[in-house]
Protein chains: 2
Amino acid sequence: LRTIKVTLAYDGTEFAGWQRQANERTVQAVVEDALAPIEKGAVTVIGAGRTDAGVHAAGQVATFQLTNSIACDALQRALNATLPGDVRVVGIDEAPPDFNARFDARRKTYHYWISNGAAVPPPLRRYAWHIPQPIDIEAAASAAACLTGEHDFAAFQATGSDVQTTIRTIFVSRLEAIDASLWSPVPQGLRLIRYEVTGTGFLRHMVRNIAGTLADVGRGRMAPEDMRAILRSRDRARAAATAPPHGLTLWSVEYPPPLAR
Amino acid sequence: LRTIKVTLAYDGTEFAGWQRQANERTVQAVVEDALAPIEKGAVTVIGAGRTDAGVHAAGQVATFQLTNSIACDALQRALNATLPGDVRVVGIDEAPPDFNARFDARRKTYHYWISNGAAVPPPLRRYAWHIPQPIDIEAAASAAACLTGEHDFAAFQATGSDVQTTIRTIFVSRLEAIDASLWSPVPQGLRLIRYEVTGTGFLRHMVRNIAGTLADVGRGRMAPEDMRAILRSRDRARAAATAPPHGLTLWSVEYPPPLAR
């Protein structure tokens with residue numbers, strides 16, 4: 001039995017999230033269904049992160065076991081020929097037998113995009129949250145920066161969650177303007193803002209709740225210093241509303257060195 | 001009667017092109033239909049370029065006349081509230097009474113995108129032509145560069161066209177790799193190539209026929225020097241197949257100084 005590690009990119013717009021559910025189009029189900037005729041039997045695919053409905057991925061990592069001896073590059077071509085265009089296998093590799101995309105993951109990185117301006121360029125409409133009001137990028141960036149380190153993120157957890165601990169470690173938490181000139185000949189009319197966050201793990205809706213709060217800081221509804229106070233309060237009611245799913249992308253997943261390839 | 005100049009961005013995927021046609025979803029028809037209830041009567045919208053089915057725009061320019069005295073920024077908001085998400089008014093201005101987006105246009109710029117690598121990242125799948133084979137960017141760039149100047153572009157005109165002259169002037173003709181790191185955490189697996197062309201005007205399918213030929217040069221099916229020979233031959237049969245419409249974007253339209261705003 002071989003263990004295969006794939007890196008998947010998908011457009012979450014038309015998916016009810018990663019995880020297989022009855023009567024819903026999910027990424028896991030679409031990938032498992034593409035593998036079944038190759039393996040001539042059911043295959044279970046384990047994803048590093050169970051992205052929510054509408055959330056995208058550029059570098060989701062998944063593992064599965066195969067008896068078929070097909071070469072990795074041929075398997076990648078076969079899967080991409082079968083899969084719909086909104087899911088792509090962008091990387092593939094043989095992995096150690098006990099490698100598990102979910103339990104071996106050490107760090108995940110998410111990107112959250114905001115399209116700031118009067119109108120969203122159509123190619124960004126599925127991938128960026130539209131905020132028409134002016135955003136103070138410096139204020140939002142300074143609020144973002146204070147999240148690095150080990151903290152109790154209970155204030156940014158979806159209500160009704162039940163996890164053992166709400167303590168997580170964040171290595172990178174950075175908000176910045178990125179080049180919008182690829183999308184518009186009138187770039188002064190459009191600002192593209194990216195929030196990038198890397199951590200050991202994330203609570204349910206945590207990145208979207210942080211993004212919503214950063215957007216409130218940027219729009220002057222909160223001060224940058226409020227971010228630290230919200231974090232300390234451990235009170236979900238003090239953070240802002242959850243930002244919409246379509247701005248969020250699971251960017252990459254990191255593994256310890258022997259599994260990193 | 002006021003003359004209004006709008007800059008439009010659209011995703012051409014679900015349009016049968018710019019120009020109104022019976023029983024087809026076209027950009028002109030969608031914009032005219034959004035204006036009618038505001039004007040309380042039919043409005044004719046004139047576009048600078050009549051983009052083909054599947055071709056996108058980031059800065060199409062269009063003009064129309066209005067009796068309604070609504071302020072430009074309110075009109076922009078009203079149109080964007082009515083229009084579907086795949087068409088956006090990204091700029092709006094009052095124009096001189098006789099200003100005509102089509103006849104006053106002096107230069108147009110098109111961008112053609114190629115996604116080069118094993119798999120197209122899903123957010124690019126509607127906006128870039130996928131070429132999996134290796135592309136020699138230097139060879140393609142050198143073929144692109146020899147198109148600047150005044151030439152007879154008959155070899156790159158759609159067969160069956162009937163125009164007075166096939167002579168056009170090209171000011172910019174540049175092919176280059178652009179930053180793919182916004183779309184993929186594994187950028188070595190993806191190269192994004194952009195061909196940029198600015199000219200006084202373009203023959204039917206001219207940019208797509210040039211892009212197809214540049215792609216053949218990049219894949220080694222032709223030599224860079226063949227570009228000049230094809231141009232001189234004035235023979236459509238010597239150029240490559242027309243590149244697909246979804247890689248093409250009408251980027252911007254320029255007007256003489258008094259109308260340039």
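Contacts between residues 48-62 of chain A and chain B, counted as heavy-atom pairs separated by less than 4.5 Å, involve A:A58, A:G59.
Heavy-atom minimum distance, B:Q76 versus A:A118: NE2-CB, 4.1 Å. Closest heavy-atom contact between B:N80 and A:A119: ND2-CB, 3.8 Å. Closest of all the heavy-atom pairs between B:P122 and A:Y127 is O-OH, 4.0 Å. The two residues B:W251 and A:W183 have their closest heavy-atom pair at CH2-C, 3.7 Å.
Heavy-atom pairs under 4.5 Å with chain B peak, among A:P123, A:G91, A:A9, at A:P123. The greatest number of non-hydrogen atom pairs below 4.5 Å with chain B, out of A:R88, A:H111, A:R194, is found for A:R88. Interface summary for chain B: among A:V120, A:V90, A:V89, A:L182, the most heavy-atom pairs under 4.5 angstrom belong to A:L182.
Only the side chain of B:W113 comes within less than 4.5 Å of a heavy atom in chain A; its backbone stays farther off. Contact annotation for A:I178: only side-chain heavy atoms (C-beta onward) come within less than 4.5 Å of a heavy atom of chain B.
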